[in-house]
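First up is the structure itself, then whatever we jot down about it.
FYI, the numbering just counts along the sequence from 1.
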Amino acid sequence: MFTYPAKITKDGDFFLVSFRDFYGNEPVTQGQTYEEALSMASDWLLSEATIALDDKEKLPKASPAKKGEVLIRMPLSAQIKLRLLYEMIDQSISGSELARRMNIKRPSVQNIIKADHATKIDTLQRAFNALGKELVVELR
């Protein structure tokens, strides 16, 4: 769900990265090597996730990759937190209501949905349970 197609193009000394689901063909980050561009692309997605979580907004839906594009996956912790936020939005549940359901203070909920805050998986499971959902981890 949070894996986005990116186009990486060589431009002089740099590899430019664009995500058409966000800004069309406009480059959003770059790297001096192809590998660095891939790493920077993942970091950029994490930054977008952080903004979305702070603004309590959804990211654009990921499109299927086209020829010449690579798939960039957002870090798993950010994916889980975004799914939690999306569930809160879909159910019209405020942070205060989630805190009440979890029997915790409101600032703790804010930390749970912050992309740059380390949250225990058990705490995330409790948050999903409070929304009537179950967090399932599957190894493939």
Side-chain angles (χ1 to χ4, degrees):
M1 178 174 193
F2 298 108
T3 301
Y4 287 89
K7 187 169 188 171
I8 301 178
T9 54
K10 178 90 165 122
D11 184 32
D13 294 336
F14 295 96
F15 290 86
L16 306 179
V17 181
S18 60
F19 289 93
R20 63 183 158 80
D21 291 329
F22 290 89
Y23 300 108
N25 293 322
E26 289 295 317
V28 295
T29 190
Q30 65 186 22
Q32 289 186 325
T33 65
Y34 185 84
E35 292 73 25
E36 184 179 76
L38 287 173
S39 177
M40 295 301 289
S42 181
D43 288 349
W44 186 86
L45 277 180
L46 180 57
S47 295
E48 287 299 300
T50 301
I51 292 166
L53 288 165
D54 287 347
D55 294 344
K56 297 181 180 40
E57 295 178 353
K58 291 186 176 185
L59 292 174
K61 185 176 178 180
S63 300
K66 293 181 178 177
K67 185 177 180 177
E69 292 179 329
V70 294
L71 291 173
I72 306 294
R73 181 167 303 199
M74 188 177 297
L76 184 59
S77 59
Q79 291 183 44
I80 293 170
K81 289 179 177 221
L82 280 169
R83 284 297 301 137
L84 178 63
L85 176 65
Y86 286 15
E87 197 59 43
M88 290 173 66
I89 291 169
D90 291 346
Q91 293 186 28
S92 300
I93 301 295
S94 67
S96 297
E97 175 59 18
L98 182 60
R100 186 191 68 73
R101 290 181 184 189
M102 293 178 68
N103 197 27
I104 61 175
K105 295 184 177 172
R106 171 83 169 96
S108 296
V109 170
Q110 291 172 328
N111 284 336
I112 290 170
I113 61 173
K114 282 176 109 174
D116 61 350
H117 184 272
T119 304
K120 292 180 181 178
I121 196 77
D122 295 341
T123 302
L124 290 164
Q125 176 64 49
R126 284 185 49 226
F128 279 105
N129 289 143
L131 297 174
K133 299 293 180 178
E134 182 179 9
L135 177 61
V136 178
V137 177
E138 179 180 313
L139 183 63
R140 297 183 198 174

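A distance of 12.5 Å separates CD in Gln125 from NZ in Lys133, rounded to the nearest 0.5 Å. Atoms CG and CG, from Leu135 and Asp122 in turn, are 10.0 Å apart once rounded to the nearest 0.5 Å. From Phe128, atom CZ reaches atom CG of Leu98 across 10.0 Å, with rounding to the nearest 0.5 Å. Between Arg106 atom CZ and Ser94 atom OG the span is 6.5 Å, to the nearest 0.5 Å. With values rounded to the nearest 0.5 angstrom, Asn111 atom CG is found 7.5 Å from Lys81 atom NZ. With rounding to the nearest 0.5 angstrom, the CG atom of Asp11 is 6.5 Å from the OG1 atom of Thr9.
Each of Leu84 and Val137 belongs to its own hydrophobic cluster when Ile, Leu, Val, Met, Phe, Trp and Tyr are linked at side-chain heavy-atom distances under 4.5 angstrom. A single hydrophobic cluster is seen to contain both Leu76 and Ile121, as judged by linkage of ILVMFWY side chains at heavy-atom distances under 4.5 Å, directly or through other members. When hydrophobic clusters are built by joining Ile, Leu, Val, Met, Phe, Trp and Tyr residues whose side-chain heavy atoms come closer than 4.5 Å, directly or via intermediates, Met40 is not grouped with Phe14.
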Before giving the answer on side chain to side chain contact (heavy atoms under 4.5 Å, CB included), spell out for Leu71 and Arg73 the whole-Å C-alpha distance, their side-chain angles and the decisive distance to 0.1 Å. CA-CA 6 Å; Leu71 291 173; Arg73 181 167 303 199; over 6 Å; no
Check step by step if side chain to side chain contact (heavy atoms under 4.5 Å, CB included) holds for Leu85 and Glu57. CA-CA 8 Å; Leu85 176 65; Glu57 295 178 353; over 6 Å; no
Under the side chain to side chain contact (heavy atoms under 4.5 Å, CB included) criterion, do Asp43 and Ser39 qualify, and how do the steps go? CA-CA 6 Å; Asp43 288 349; Ser39 177; 4.3 Å; yes
Assess the residue pair Leu82 and Met74 against the criterion (side chain to side chain contact (heavy atoms under 4.5 Å, CB included)); give the C-alpha distance rounded to whole Å, side-chain angles, the decisive distance to 0.1 Å, and a yes or no. CA-CA 10 Å; Leu82 280 169; Met74 188 177 297; 3.4 Å; yes
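Considering only heavy atoms from C-beta on, Gln110 stays 4.5 Å or farther from Ile112 through its side chain. Contact annotation: the side chain of Met88 never approaches that of Glu97 to less than 4.5 Å [non-hydrogen atoms, C-beta and beyond]. Phe2 is not listed as a side-chain neighbour of Leu45, based on a closest heavy-atom distance of 4.5 Å or more. Within the 4.5 Å cutoff, the side chain of Ile72 has no heavy atoms near those of the Trp44 side chain.
Judged by distance alone, with hydrogens and angles left aside, the side-chain atoms of Thr50 form a donor-acceptor pair with the main-chain N or O of Leu46 at under 3.5 Å. Checked by atom type and distance alone, the side chain of Gln91 pairs as donor or acceptor with a backbone atom of Leu131 at under 3.5 Å.
Taking every heavy atom of both residues into account, Leu59 and Ala52 meet most closely at CD2-CB, 3.7 Å.
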Check: residues 16-36 side-chain donor-acceptor pairs under 3.5 Å, at least two apart:
unit_1 : atom_1 : unit_2 : atom_2 : d
Arg20  : NE     : Glu69  : OE1    : 3.4
Arg20  : NE     : Glu69  : OE2    : 2.7
Arg20  : NH2    : Pro64  : O      : 2.6
Arg20  : NH2    : Glu69  : OE1    : 3.0
Asp21  : OD1    : Ser63  : OG     : 2.5
Asp21  : OD2    : Ser63  : N      : 2.9
Thr33  : OG1    : Glu36  : N      : 3.0
Glu36  : OE1    : Gln32  : N      : 2.5

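In this structure, Lys10 satisfies the cation-pi test against Phe15, with its NZ or CZ atom closer than 6.0 Å to the six-membered ring centre and inside 45 degrees of the ring normal.
Applying the 6.0 Å contact sphere to NZ of Lys56 captures more than 12 heavy atoms from other residues, nucleotides or ligands.
Looking at Asp90 and Lys58, a side-chain N of the basic residue comes within less than 4.0 Å of a carboxylate O on the acidic one, giving a salt bridge.
Contacts of Ile51 classified as side-chain contact (heavy atoms from CB on, under 4.5 Å), with partners at least two apart in sequence or in another chain: Glu48, Asp55.
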